[in-house]
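Below: the structure, in structure tokens.
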Amino acid sequence: MTQQATTQPVAKYRKDYQSPSHTTSDIELYFELHDTATVVTATSQVKQLKDSTTLELDGEQLGLQTLQVNGQDWTEYELLENGLTIHQLPEQFELKIVTQIDPEANTALEGLYKSGGAFCTQCEAEGFRRITFYQDRPDVLARFTTTVEADKTTYPYLLSNGNRVDEGSLDNGRHWVKWQDPHPKPAYLFALVAGDFDVLTDNYTTRSGREVALEIFVDKGNLDRAPHAMTSLINSMKWDEERFGLEYDLDIYMIVAVDFFNMGAMENKGLNVFNSKYVLANEKTATDTDYLGIEAVIGHEYFHNWTGNRVTCQDWFQLSLKEGLTVFRDQEFSSDLGSRAVNRINNVRIIRGPQFAEDASPMSHPIRPDKVIEMNNFYTLTVYEKGSEVIRMMHTLLGEEGFQKGMKLYFERHDGTAATCENFVAAMEDASSVDLKQFRLWYSQSGTPTLDVTSEYDEASQTFALTVSQNTEATHEQKEKQALHIPFDVELYKHTGKAFKLIIDGKPVSNVLNVTESSQTFVFEGIESQPVPSLLREFSAPVKLNYDYSDEELVFLMRHATNDFARWDAGQMLLAKYIKSFVADTSKAVVLPEGVIDAFRGVLLDSSLEPAFIAEMLTFPSHNEVSGWYKRVDVDGIAKVLKAIKQVIAQALIDELSATYYSLTQDGYSIEHTEIGQRSLRNVCLGFLAYTEQGNTLVEKQYDTSSNMTDTIAAMSAANVAQLACRESLMADYSDKWKHDGLVMDKWFMLQGTNPASNALEVIRDSMNHEAFSLKNPNRIRSLVGAFLNNNPVQFHSKSGEGYQFAGEILRQLNESNPQVASRLIDPLLKFRLYDEQRQVLIKQELDGLKSLDNLAKDLFEKVTKATEE
Ligand code: TRP
Ligand code: ZN
């Protein structure tokens, strides 16, 4: 018997949090695995926490077979649409529930499902309720013992959390393995995997001498793509000991790579399940970006063992407690191992582009949301990336030492429990005596603050006054905004390039100013000449900055700022000035003054700079980021200007770009950071040169001679963006070579999705018939359809409305098969108010079409209703 949702979804509010009526100390699970009829027996030791004889359990799409209390069949229960309510219970009891589920029919990839030939689970946020009836909430922590039983030949590996404690064979060709996890955990960290794999093994000895077996499970034949993941895991374990003093706490750490996965990866205790995209790599199949992504995600899931698993969340509104903090930790890991500046730049690009856009959209929410209909909708850039910026601001205010003291206190207080964001801030505050009272507002206030900064130099008194005003515009669900505590990192430069000492009221002050009022003035003393201010250094807060820089000042900062991030940011501001002026009048011919071109020439020729950093300086703001500057977006105008600026630079610097391109030729391939940087700069040069006369020849030659995926994809991407004659033949050759490998074909699907040609949609529809494509696989959908909706602005927003109709078609299909993926895909449509009337009407038609479906999933319901209400 399965249940169907029939009533309107209801919202949950953070303020309504109630601690649980009961808790489970131990749960014993027995899985009899069968493709369409798996039987799950759950035996829990339950005890009352509040004076209540009624227990409410969550459960979805479950067939209830048996319900017993203390060994007796129990009839005092009601089966509800989304759960089970049991009555007349004693204070303490053993609860036995047998349910039947259908993993093969599970296309939502939540709960127990089949990925290719293997069984696997995904329980965060609320997937465990699709496995058995349970208190599926993060503040119920139990010790799990799990026995997995399946056919021995098809499923030789049977895995779950913790340590393997027993195993055996049955006489019907089946076998079983029993696992015990000594650490109490919420149900969302439960995992089970059964299948046939190749295994890469290694081991790690922790600082205190614990021997840990490391095992990475991949599809048969993929063993040569697993070593980078293993190296990344070992580096993560080492780094967390060195920087945070945190050690691993079990004797085994397993990672399983699966092809069907809704997100990046999942930190299940001792048994991470990964999207194969974030495990598999060798130089023939993966780009440098893929390699770095694997390092970051392996690190992220490993770091969750302390920030997420040892200390988990009281309720899902606190999600950023584990995610913001763990993103901060993985960013620091990548920065310590690679280039700090390049990492910072790329993280800031994400905040300024998609995160700012999200925070200005109907889905805008604080990093700790107050109201949720579908929790899966809140695994957002705001909770993760802005959440990490909020942690980073505390790090800036406390310093590394103070911050680490705060972490220590946090674990002392909360290890083994379910905590809140408030608990974290309190630990930071108590350990450092930095007052974070006003700072806490970052957790409850949504939207992006704007800092308007003006300056006044007074030669007579040798003072420089900076006036900083902050303002946060109303967001969809929060009209009133207050002044935030904003750490504002500044430096003032002399014309020699040296920085003035910062003195206020006769006392030296830190570079990090505390902006706390809606408007305040900082007067610096002893400033002997008009300085050039460097503002919001390191992007010390996730805010928009307005300051009326002259071109000369920005060029000066590009050359002289002491910190790489500030140099990059000056270059971006300089470009922004010109992009804005050309977008304001698209009939104007795009020309850049010599001084601007010279500044970029200087960067390209500066041998003191790392190639990786030069590549970032020469990477211009994306269409999405530029769109975020406007209340009404001129899609075609922005595309035209961005392309023209690239062409202008390409023509003006053709000799230098060409010389750099040839000078960076490599012999072999290695994944060292300096080599990654060289490839990155070389391929940025290729991207410009694609617009010149030699473009087609050069790109074709690079594709033909490339020995690694990074250079191959760079060539194809240059051909795609500049619409070169060779594009079709390169695409055909690549598909020929890789058509049997979905993961490698994702790069090809992404190039089809972002194809700027006017027949793009037609080609995309054809690509859906490619043998490697499947609407059941989230990676394929994101690569082709996601790329089209998010990164092909001109074709997607075509005035014919065909792009929108296509999005609508796909969304209606995914609404039934995989609502979680549908709900991520719909985001660009929610922002329809950014476009002209004609486009608004067309997009709204698709949203209304979805709204009228009688089986609209909660995920889409929440977003569509928010977007369409006035
Ligand atoms: N907690 C996971 C992480 O941050 C992400 C996650 C949340 C997830 N929900 C998921 C992964 C659903 C897969 C499916 O690493
Ligand atoms: Zn995470």
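Computed from a prediction, not measured in an experiment: that's the story for all the values here. When a ligand or atom number is given, it counts from 1 through the structure's own listing order.
Of the N or O atoms in Asn376, none lie within a sub-3.5 Å distance of an N or O in ligand 1. At a 3.5 angstrom cut-off on N or O pairs, Met263 does not count as close to ligand 1. Between Tyr379 and ligand 1, a contact under 3.5 Å exists for no N or O pair. Taking only nitrogen or oxygen atoms, main chain and side chain alike, Gln820 does not reach within less than 3.5 Å of ligand 1.
For ligand 1, the atoms sitting less than 4.0 Å from at least one non-hydrogen atom of Lys322 are 1 (N), numbered in the order shown with element in parentheses. When each atom of ligand 1 is checked for a heavy atom of Ala265 under 4.0 Å away, the hits are 2 (C), 3 (C), 5 (C), 11 (C), 15 (O). Atom numbering of ligand 1 starts at 1 in the shown order; those under 4.0 Å from a heavy atom of Glu267 are 1 (N), 2 (C), 3 (C), 15 (O).
Judged purely by distance below 3.5 Å, without hydrogens or angles, the side chains of Gln355 and Tyr384 never pair a donor atom with an acceptor atom. At a cut-off of 3.5 Å, with distance as the only test, no side-chain donor of Glu267 or His300 sits close to an acceptor on the other residue. Checked by atom type, the side-chain pair Thr36/Asp102 shows no donor-acceptor distance below 3.5 Å.
Tyr113 and Phe260 have their aromatic ring centers separated by at least 6.0 angstrom. Ring to ring, Tyr302 and Phe333 are not that close: their centroids are 6.0 angstrom or more apart.
The aromatic rings of Phe244 and Trp239 sit tilted relative to each other, their planes meeting at an angle between 30° and 60°.
At a heavy-atom distance under 4.0 Å, only side-chain atoms of His300, from C-beta outward, approach ligand 1. With a 4.0 Å heavy-atom cut-off, ligand 1 is reached by the backbone of Glu124 and by its side chain too. With a 4.0 Å cut-off on non-hydrogen atoms, Glu126 does not touch ligand 1 at all.
Residue contact check for ligand 1: Glu110 places no non-hydrogen atom closer than 4.0 Å to it.
The Zn ion (ligand 2) has an N, O or S atom of Glu323 closer than 2.8 Å.
Remark: Glu389 pairs with Arg344 by the side chain to side chain donor-acceptor pair (under 3.5 Å) rule, at least two apart or across chains.
Of all the listed residues (His304, Gln122, Met266), Gln122 holds the heavy atom that lies closest to atom 10 (C) of ligand 1.
Counted within 6.0 Å of OH on Tyr278, heavy atoms from surrounding residues, nucleotides or ligands total 12 or fewer; the atom is thus considered open.
Remark: minimum distance from atom 15 (O) of ligand 1 to any protein heavy atom is reached at Glu301 OE2, 2.6 Å. The protein non-hydrogen atom at the shortest distance from atom 5 (C) of ligand 1 is Tyr384 OH, 3.4 Å.
Taking the Zn ion (ligand 2) as reference, His300 places its N/O/S atom NE2 nearest.
Judged by distance alone, the side chain of Arg329 and the main-chain N or O of Phe303 form a donor-acceptor pair under 3.5 Å.
Of the residues Asp219, Asp198, Asp741, the one that meets the salt bridge (charged side-chain N to carboxylate O under 4.0 Å, His left out) test with Arg225 is Asp741.
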